[in-house]
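Residue numbering restarts at 1 for every chain, and letters A, B, ... go by the order of the sequence lines.
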Amino acid sequence: MATVAARTAQRVLASDLAQHTGEQVRIEGWIHAIRKFGAVNFLVVRDRSGMAQVVLEPEDVAPLDGLQVETVVAVYGTVEEEPRASHGVEIRHARVEVISPVTDVLPFELNKKKFKPTLDVFLNNAPVGLRYPTRQATFRLYSDLLFGFRDYLDHRNFVEIHTPTMVGAATEGGANVFQLDYFGRPAYLAQSPQLYKQIMVGVFERVFEIGPAFRAEEHYTVRHLNEYNSLDVEMAFIESFHEVMDLLIELLEHMVQTALERHPHDAELAGMQMPRFGEVPRLKFRDAQRMILERYAEDRSNDLDLSPQDERWIGEWAAEEFKSDFVFVTHYPTSKRAFYTLPDPEDPEHSLSFDLIFQGQELVSGSQRVHRYDQLLQIMEQRGMNPESFAGYLQAFKFGMPPEGGFAIGSERLLMRLVGAENLRETTLFPRDVNRLGP
RNA sequence: GGGCUCGUGGUGUAGUCGGCCUAACACGCCACCCUGUCAAGGUGGAGACCGCCGGUUCGAAUCCGGUCGGGCCCGCCA
């Protein structure tokens with residue numbers, strides 16, 4: 001039986017037990033598995049650091065009668081070395097105290113090697129399903145990727161900003177926005193922080209934002225959701241949009257490196273590895289079409305954009321010819337890009353824009369922006385846009401904006417490719433799609 | 001918005017060109033056995049009327065229509 005002294009002992013995490021061999025400790029966590037033998041019984045307790053094995057005498061199992069796994073418990077006992085235990089130590093002479101009992105049966109098993117529910121069943125039960133070790137690992141790595149994102153940009157004097165998600169005018173002028181009732185006036189959920197981050201470049205030169213973006217498109221694919229977390233970067237005084245692409249590649253490498261270093265065990269669980277960067281090729285849009293014609297015998301010369309199949313081919317080409325999982329496609333037709341994209345002065349039909357394709361899927365979109373006020377007004381007029389709706393945005397340009405450019409990374413897509421998930425919903429905590437508004 | 005496909009106990013599946021299905025298997029759950037498990041093992045047990053509605057038929061999980069829900073492709077994008 002545990003002593004009074006042991007009951008007041010500091011909580012020790014499962015992963016630190018080996019450092020407390022011989023000591024009386026308290027661990028707290030969720031019951032991950034119960035294995036009863038009658039004369040000797042095992043309890044696996046899971047906390048944020050990992051798993052711990054507890055050995056219980058028959059009389060000490062009683063508090064758990066009628067309780068299911070995921071019950072939250074405190075366990076008091078002595079840490080002992082035990083080669084038969086998978087972590088080398090276990091807690092013996094243990095006493096269990098139930099903190100939060102669980103009496104219902106789980107919708108699926110969290111303690112099996114194979115996690116079996118279909119995506120729909122998993123998502124419907126995400127609050128508990130996310131506890132499954134590889135799911136935990138995936139989202140801990142996501143946190144690390146964002147940490148790496150901030151860390152890299154912070155070291156280069158970027159300022160983190162937070163701009164409104166409720167806006168009065170649609171960012172890109174399109175119709176695919178969610179409309180709100182804003183005290184009787186129409187308002188919209190921002191499709192991106194694009195206009196605000198450009199405005200803030202006029203203040204800080206270099207900014208970034210991590211925040212939600214909303215799209216009201218009814219897309220039914222594995223790689224689209226109606227809300228996603230966008231990693232936006234914008235930088236001023238650039239000589240060329242190639243600088244922006246240089247930074248992007250370094251940034252991505254740093255993000256993945258950070259995740260792999262901070263949680264190598266999670267990376268292993270989730271199957272995350274450093275992708276191949278190599279010399280990331282930069283292929284002009286028209287050259288990409290030419291490559292597809294030569295290599296895949298499909299004539300795309302009349303297309304103004306790339307199809308998903310085109311992107312898969314381009315990814316394949318980069319992997320084989322450049323040993324890179326990444327490839328930039330640049331100089332997209334100006335007419336297919338947003339109004340703020342700078343047309344190439346030497347070829348105004350094409351723009352100084354780029355998409356980064358990661359393993360055959362679009363991951364990042366960026367460009368050099370129009371920074372001259374008169375040019376912006378002219379483009380808006382050509383596109384039939386009303387400058388009055390963009391008064392705040394235009395003010396930043398009216399009063400002096402340096403040459404600048406930036407990009408937006410689809411963060412869940414990055415994670416999706418890094419862990420080899422087949423559906424973006426697997427790398428989004430609580431995905432929002434046409435049919436799913438909860439949990 | 002267009003197309004394809006699937007819907008069986010808590011979970012994952014088998015059965016689906018009609019009748020041996022009063023629905024099978026694995027995991028989970030319950031009971032008992034087992035002093036060392038770690039996807040424990042053994043024995044026994046509970047649990048679905050086959051998404052829902054209607055139709056065809058002597059007879060439907062199995063065929064037809066509708067409906068709801070899931071998944072995938074295309075469009076669109078991150």
Side-chain angles (χ1 to χ4, degrees), chain A residues 32-46 51-58 65-69 82-88 90 92 102-125 128-129 132-133 172 174-176 191-194 211-232 303-312 332 336-338 355-358 361-366 407-417 422-425 427-428 433-436:
Chain A
H32 192 68
I34 306 172
R35 285 186 271 272
K36 290 187 186 177
F37 286 80
V40 80
N41 306 284
F42 300 98
L43 206 61
V44 179
V45 176
R46 186 188 73 241
M51 310 283 181
Q53 175 161 289
V54 177
V55 182
L56 290 174
E57 301 301 318
D65 284 349
L67 296 181
Q68 302 285 330
V69 289
E82 175 52 73
R84 287 175 295 183
S86 52
H87 294 92
E90 63 185 16
R92 305 191 65 121
V102 172
T103 51
D104 281 359
V105 177
L106 285 166
F108 34 62
E109 289 98 62
L110 294 175
N111 53 17
K112 296 292 176 184
K113 268 189 182 169
K114 275 203 169 178
F115 192 45
K116 292 190 300 186
T118 55
L119 186 57
D120 192 45
V121 171
F122 171 78
L123 293 175
N124 288 337
N125 298 280
V128 62
Y132 189 74
E172 331 258 329
N176 52 346
Q191 298 163 291
S192 85
Q194 180 64 33
F214 304 90
R215 303 284 163 92
E217 295 284 344
E218 293 191 23
H219 24 49
Y220 298 90
T221 75
V222 292
R223 61 189 183 284
H224 292 93
L225 290 172
N226 296 292
E227 176 176 354
Y228 68 96
N229 205 17
S230 181
L231 309 183
D232 271 87
D303 293 0
L304 290 175
D305 208 344
L306 300 174
S307 72
Q309 180 58 60
D310 295 343
E311 292 177 349
R312 285 190 285 269
Y332 281 82
K336 294 299 283 186
R337 301 296 277 207
D355 276 7
L356 180 65
I357 295 171
F358 178 26
Q361 186 177 95
E362 202 171 316
L363 175 68
V364 184
S365 199
F407 54 82
I409 306 172
S411 64
E412 296 92 342
R413 270 194 191 178
L414 173 63
L415 183 64
M416 173 186 176
R417 304 261 54 145
E422 288 175 359
N423 193 311
L424 192 54
R425 290 158 184 79
T427 54
T428 302
D433 64 30
V434 183
N435 298 309
R436 184 174 291 283

* Asked: Reckon Arg436(A) touches a base, only the sugar-phosphate, or nothing at all at heavy-atom distances under 4.0 Å?
  -> nothing
* Asked: Among U35(B), C74(B), C29(B), which nucleotide sits nearest the side chain of Val105(A)?
  -> C29(B)
* To do: Measure from CG on Asn111(A) to C1' on C29(B) and round the result to the nearest Å.
  => 13 Å
* Mind calculating the distance between CG (Asn176(A)) and C1' (G1(B)) to the nearest angstrom? => 14 Å
* Of the candidate nucleotides U11(B), U37(B), G75(B), which contains the atom at the shortest distance from the side chain of Lys116(A)? -> U11(B)
* Identify whether any heavy atom of Asp305(A) sits under 4.0 Å from a base atom; if not, whether one sits that close to sugar-phosphate; answer base, sugar-phosphate or nothing. => sugar-phosphate
* Interatomic distance where CZ belongs to Phe37(A) and P belongs to G41(B) [whole Å] -> 9 Å
* Asked: Can you find a side chain N or O atom of Asn435(A) that sits less than 4.0 Å from OP1 or OP2 on G70(B)?
  -> yes
* Asked: Between Lys112(A) and G28(B), is there a side-chain N or O to OP1/OP2 distance below 4.0 Å?
  -> yes
* To do: Using the six-membered ring for Trp and the full ring for Phe, Tyr or His, decide whether Phe108(A) stacks on the six-membered base ring of G28(B) (centres under 5.5 Å, planes under 30°).
  => no
* Specify the separation, in whole Å, of atom CD of Glu82(A) and atom P of G36(B). => 12 Å
* How would you label the contact of Lys36(A) with the nucleic acid (heavy atoms, under 4.0 Å): base, sugar-phosphate, or nothing? -> base
* Choosing from A39(B), U11(B), C77(B), which nucleotide comes nearest the side chain of Glu311(A)? -> C77(B)
* Asked: Does OP1 or OP2 of C74(B) have a side-chain N or O of Arg223(A) closer than 4.0 Å?
  -> yes
* **Pairing partner (Watson-Crick or G-U wobble, both distances under 3.5 angstrom) of G41(B)** => C33(B)
* **Nearest-neighbour nucleotide for the Arg84(A) side chain, G71(B), G36(B), G1(B) considered** => G36(B)
* Asked: Planes under 30° and centres closer than 5.5 Å, is that true for Phe42(A) with the base of U37(B)?
  -> yes
* Would you indicate which nucleotide in U37(B), C76(B), C73(B) comes nearest to any side-chain atom of Tyr220(A)? => C73(B)
* **side-chain N/O Arg312(A) vs C74(B) OP1/OP2, d < 4.0 Å** => yes
* Can a side chain N or O of Asn423(A) be found less than 4.0 Å away from OP1 or OP2 on C72(B)? -> yes
* Asked: Between A78(B), G36(B), G75(B), which nucleotide has the shortest distance from any of its atoms to the side chain of Val40(A)?
  -> G36(B)
* To do: Please determine if Lys336(A) and Asp303(A) form a salt bridge, counting it only when a charged side-chain N lies under 4.0 Å from a carboxylate O.
  => no
* Backbone of Glu412(A) reached by a side-chain donor or acceptor of Thr427(A) within 3.5 Å -> yes
* Asked: Side-chain donor-acceptor pair under 3.5 Å between Thr118(A) and Asp120(A), yes or no?
  -> no
* To do: Side chain of Glu217(A) only, please: which of C76(B), G36(B), G10(B) is the nearest?
  => C76(B)
* Reckon Gln191(A) has a side-chain N or O less than 4.0 Å from the OP1 or OP2 of C76(B)? -> no
* Structure fact -> Checking N1-N3 plus N6-O4 or O6-N4 for Watson-Crick, or N1-O2 and O6-N3 for wobble, each under 3.5 Å, the partner of G1(B) is C74(B)
* To do: Determine the sole option in Asn229(A), Leu225(A), Leu363(A) for which the side chain to side chain contact (heavy atoms under 4.5 Å, CB included) test with Arg413(A) is passed.
  => Leu363(A)
* Asked: Closest nucleotide of RNA chain B for Asp433(A) versus for Thr221(A): which of these residues is on the 5' side?
  -> Asp433(A)
* **Any-strand Watson-Crick or G-U partner of A60(B), both distances under 3.5 Å** => none
* Indicate whether OP1 or OP2 belonging to A40(B) is found under 4.0 Å from a side-chain N or O atom of Arg35(A). => yes
* Asked: In terms of side-chain heavy atoms of Val121(A), which of C76(B), G12(B), U37(B) is nearest?
  -> G12(B)
* Which part of the nucleic acid, if any, lies within contact of Gln68(A), taking any heavy atom under 4.0 Å across all strands shown: a base, the sugar-phosphate backbone alone, or nothing? -> sugar-phosphate
* Could you go step by step and tell me if Asn124(A) and Arg436(A) meet the side chain to side chain donor-acceptor pair (under 3.5 Å) rule? -> CA-CA 9 Å; Asn124(A) 288 337; Arg436(A) 184 174 291 283; 3.0 Å; yes
* Asked: Ser230(A) side chain N/O closer than 4.0 Å to the phosphate oxygens (OP1, OP2) of A78(B)?
  -> no
